[in-house]
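Chain naming here is simple, since letters A, B, ... match the order of the sequence lines and numbering starts at 1 in each.
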Protein chains: 4
Amino acid sequence: MQGRPRDPARDEAIRKAALELVTERGYRGMSMEGVAARSGVSKQAVYRRYASKGELLLDALDSVGREVFPVPDTGSLRSDLLPMVRAAFDLHRYSDKAFSQAVAAEAAQGPDFARLAVESVINPRRDLFRGIIARARERGEVTCPDDDVLIDLIYGPMWYALLFDFDRLTDEYAESITDAVLAAARPA
Amino acid sequence: MQGRPRDPARDEAIRKAALELVTERGYRGMSMEGVAARSGVSKQAVYRRYASKGELLLDALDSVGREVFPVPDTGSLRSDLLPMVRAAFDLHRYSDKAFSQAVAAEAAQGPDFARLAVESVINPRRDLFRGIIARARERGEVTCPDDDVLIDLIYGPMWYALLFDFDRLTDEYAESITDAVLAAARPA
Amino acid sequence: MQGRPRDPARDEAIRKAALELVTERGYRGMSMEGVAARSGVSKQAVYRRYASKGELLLDALDSVGREVFPVPDTGSLRSDLLPMVRAAFDLHRYSDKAFSQAVAAEAAQGPDFARLAVESVINPRRDLFRGIIARARERGEVTCPDDDVLIDLIYGPMWYALLFDFDRLTDEYAESITDAVLAAARPA
Amino acid sequence: MQGRPRDPARDEAIRKAALELVTERGYRGMSMEGVAARSGVSKQAVYRRYASKGELLLDALDSVGREVFPVPDTGSLRSDLLPMVRAAFDLHRYSDKAFSQAVAAEAAQGPDFARLAVESVINPRRDLFRGIIARARERGEVTCPDDDVLIDLIYGPMWYALLFDFDRLTDEYAESITDAVLAAARPA
DNA sequence: CCTTAATCGAGACGGTACGTCCTGTCTTGTT
DNA sequence: AACAAGACAGGACGTACCGTCTCGATTAAGG
């Protein structure tokens with residue numbers, strides 16, 4: 001037997017409240033208590049779904065209609081990469097900033113959440129770049145052995161900027177980073 | 001000035017307790033309350049010295065006998081860079097890991113601490129690389145216009161790994177990153 | 001009437017669980033939740049039968065095979081009374097202690113349950129003594145006008161001892177109380 | 001060293017709130033949370049003073065200006081006893097009813113509080129009668145060996161009536177009980 | 001030498017959030 | 001209908017820190 005099913009409307013309300021709170025007031029301002037209050041849901045209903053603030057955070061993040069960014073395939077690594085990097089930086093510079101900082105805050109507080117975040121947020125995003133790099137490698141545009149290092153060169157600086165609130169994720173910066181990746185991909 | 005002077009022994013005890021707690025129990029396990037208790041000092045004595053957990057964190061970090069790493073000057077960018085990157089990665093992989101993660105956690109929670117951390121920890125460390133790069137530029141080893149991007153290529157991936165608890169800050173990784181910086185420094 | 005009839009096995013299981021819990025863990029340890037869990041019955045099934053913890057308590061109490069104590073008729077008030085008082089004290093001193101204390105706790109918390117308890121537990125027990133006293137009155141052993149006062153002299157001290165956990169309900173005490181009742185029944 | 005002293009005004013406010021709540025809403029309506037809220041004091045401040053609802057209850061009870069009832073000494077047991085019994089019944093019939101029922105409820109829920117209550121409330125009240133009985137014994141008005149039984153004959157029925165919400169603590173009842181005590185004190 | 005003023009410990013204080021438990025109701029699908 | 005399962009709002013529980021605030025007791029430097 002399976003009992004009364006969870007009310008999807010509540011799922012929704014909880015995620016919405018979490019998103020709002022984290023956006024408006026940052027990581028510190030999003031409490032389980034606050035989420036319950038704002039969503040008009042009992043604390044139990046929140047804890048039934050999420051054992052911790054972190055889980056809720058990730059699920060809320062997931063549920064945001066991650067509009068799929070079409071991975072480009074132009075035949076040139078640079079022109080494939082640049083718009084992707086720009087899009088990533090833009091996203092984290094504006095709409096997702098508070099959110100990503102919350103993820104960073106939680107991740108830095110313990111490996112449990114870190115693992116979770118890697119699985120559900122970090123890796124999927126990294127994967128977007130793997131196809132591009134693989135194709136470029138076939139074309140001979142990439143000779144360095146390790147794809148992951150190249151991806152680290154993109155996301156590393158991005159999270160670094162997010163973490164310390166550098167106001168650096170501009171289009172020019174995206175270009176600089178892209179060029180660095182290109183250089184590293186095919187070292188002299 | 002008059003009145004009873006602050007007891008330096010207490011300064012020390014507080015920093016020590018903070019370090020111990022953050023090392024043993026991570027960011028979450030270091031509370032002002034706990035620091036006071038462990039150091040055998042009153043809460044007031046802590047707050048008199050540090051307005052916030054963050055300030056204490058940074059000061060404790062500062063006070064760790066930052067044994068000055070002698071910045072090398074070998075005449076070649078690669079051989080200057082590599083030991084520095086290795087040392088940085090090593091430090092954050094072992095002794096300073098919990099501590100740096102605490103800094104990350106706090107920084108991600110608000111711009112106030114982020115600014116503070118940049119000033120007292122992030123920038124000084126970046127500066128270590130500036131001299132190296134400047135000398136290399138004079139020798140013609142660096143043609144890319146922006147030093148900061150190069151430094152981001154080092155520290156970005158490092159903090160990224162710290163943040164999400166990647167176990168990646170090995171010597172090989174230091175070499176990969178160094179090579180990427182070299183390639184980016186003098187793009188084809 | 002239509003629909004599925006109630007399962008008597010569940011009636012039984014519920015009462016049993018209630019008795020066990022109240023005996024093992026006292027009033028505090030008997031929750032509707034706990035009863036449902038222990039009896040392997042849904043909470044709804046419990047609430048369908050009993051609107052409140054109190055009702056369940058009383059019904060469970062009732063259902064305990066109240067082995068009927070044969071009311072004596074020896075021709076003398078004292079020898080009728082004494083075994084009855086002893087039996088009552090004994091019962092509440094041992095097997096029924098936790099249970100009666102639970103009834104007391106619930107009764108003290110509101111007049112609703114108090115009324116219920118009086119009806120289903122208190123009065124029936126008082127009635128046991130009425131016949132004895134009536135017969136004694138006919139024999140001229142009782143001259144005081146009010147039977148109820150005499151019964152209060154028995155049960156009052158008993159519940160008082162139960163309430164404040166006096167360890168006083170011994171056989172000697174039963175004798176003392178009986179003698180007091182006798183004296184009060186035919187005052188000088 | 002002894003730190004900041006507790007604010008007596010808060011002591012007072014807490015007790016007052018507890019009294020009000022228990023009077024207005026009964027035992028069930030008095031929660032630690034509610035007391036804190038009504039008294040405008042933090043929950044901590046309440047828990048710092050009282051480890052449990054019971055302790056607070058007793059202290060609040062104690063603090064009520066128990067106007068000392070002058071123990072009479074008229075030379076006759078009956079005329080000493082009657083006003084005392086009347087006063088006791090009256091008190092518990094009116095002003096103290098909710099309060100005493102709360103004490104009963106808590107006492108019935110566990111021996112810890114029961115012991116506490118006996119010590120601070122039950123025994124002191126019993127002691128009021130000891131002097132009277134002792135004097136009467138000297139005068140030869142009391143021949144029964146045990147004072148405690150006589151006192152049980154008074155307080156037993158009283159708490160019994162309180163517990164099950166009998167509306168019986170009238171002046172006539174006080175007289176009946178007094179006469180019963182007299183009879184029991186000097187049995188034929 | 002004797003104020004004067006900041007320090008010290010201890011710990012109270014109002015808050016806020018934590019995560020758990022129970023109450024009594026309700027909503028599923030199953031029997 | 002009753003049933004198991006379990007979601008639900010609400011409310012209380014007792015605990016932990018936060019940062020501020022009294023206390024009375026030191027502890028130096030400056031008058």
**Item:** Where D:Ala9 and D:Asp7 come nearest, the two heavy atoms and their spacing
**Value:** N-OD1, 2.8 Å
**Closest listed nucleotide, where the reference is the side chain of C:Ala45 and the choices are F:dA4, F:dC8, E:dT31** = F:dA4
**Request:** May I have the step-by-step check of salt bridge (charged side-chain N to carboxylate O under 4.0 Å, His left out) for C:Arg115 and C:Glu119, ending in yes or no?
**Result:** CA-CA 6 Å; C:Arg115 258 187 294 279; C:Glu119 211 177 298; over 6 Å; no
**Message:** Less than 4.0 angstrom between a side-chain N/O of D:Arg48 and OP1 or OP2 of E:dG11, yes or no?
**Reply:** no
**Asked** Considering only heavy atoms from C-beta outward, does the side chain of A:Glu55 approach that of A:Asp112 to under 4.5 Å?
**Response** no
**Message:** Is the positively charged end of D:Lys53 above the ring of D:Tyr27, judged by distance under 6.0 angstrom from the centroid and angle within 45° of the axis?
**Reply:** yes
**B:Arg49 side-chain N/O to E:dC8 phosphate OP1/OP2 under 4.0 Å** = yes
**Request:** Tell me which of B:Asp7 and C:Ser52 sits closer to the 5' end of DNA chain E, going by the nucleotide each one is nearest to.
**Result:** B:Asp7
**Item:** Near-strand residues of residues 16-41 of chain A, defined as heavy-atom separation under 4.0 angstrom from DNA chain E
**Value:** A:Ser31, A:Met32, A:Glu33
**Asked** Are D:Arg6 and F:dC23 close enough that a side-chain N or O sits under 4.0 Å from OP1 or OP2?
**Response** no
**Prompt:** Within the pair C:Arg10 and F:dA4, is there a side-chain N or O less than 4.0 Å away from OP1 or OP2?
**Reply:** yes
**Item:** Base E:dG19 to side chain A:Lys43, donor-acceptor N/O within 3.5 Å cut-off
**Value:** yes
**Message:** With salt bridge (charged side-chain N to carboxylate O under 4.0 Å, His left out) as the criterion, how do A:Arg6 and A:Asp11 come out once you've worked through the C-alpha distance, each side chain's angles and the decisive distance to 0.1 Å?
**Reply:** CA-CA 8 Å; A:Arg6 298 217 178 132; A:Asp11 293 15; over 6 Å; no
**Nucleotide nearest A:Pro5 when distance is taken to its side chain, options E:dA5, E:dT28, E:dG9** = E:dT28
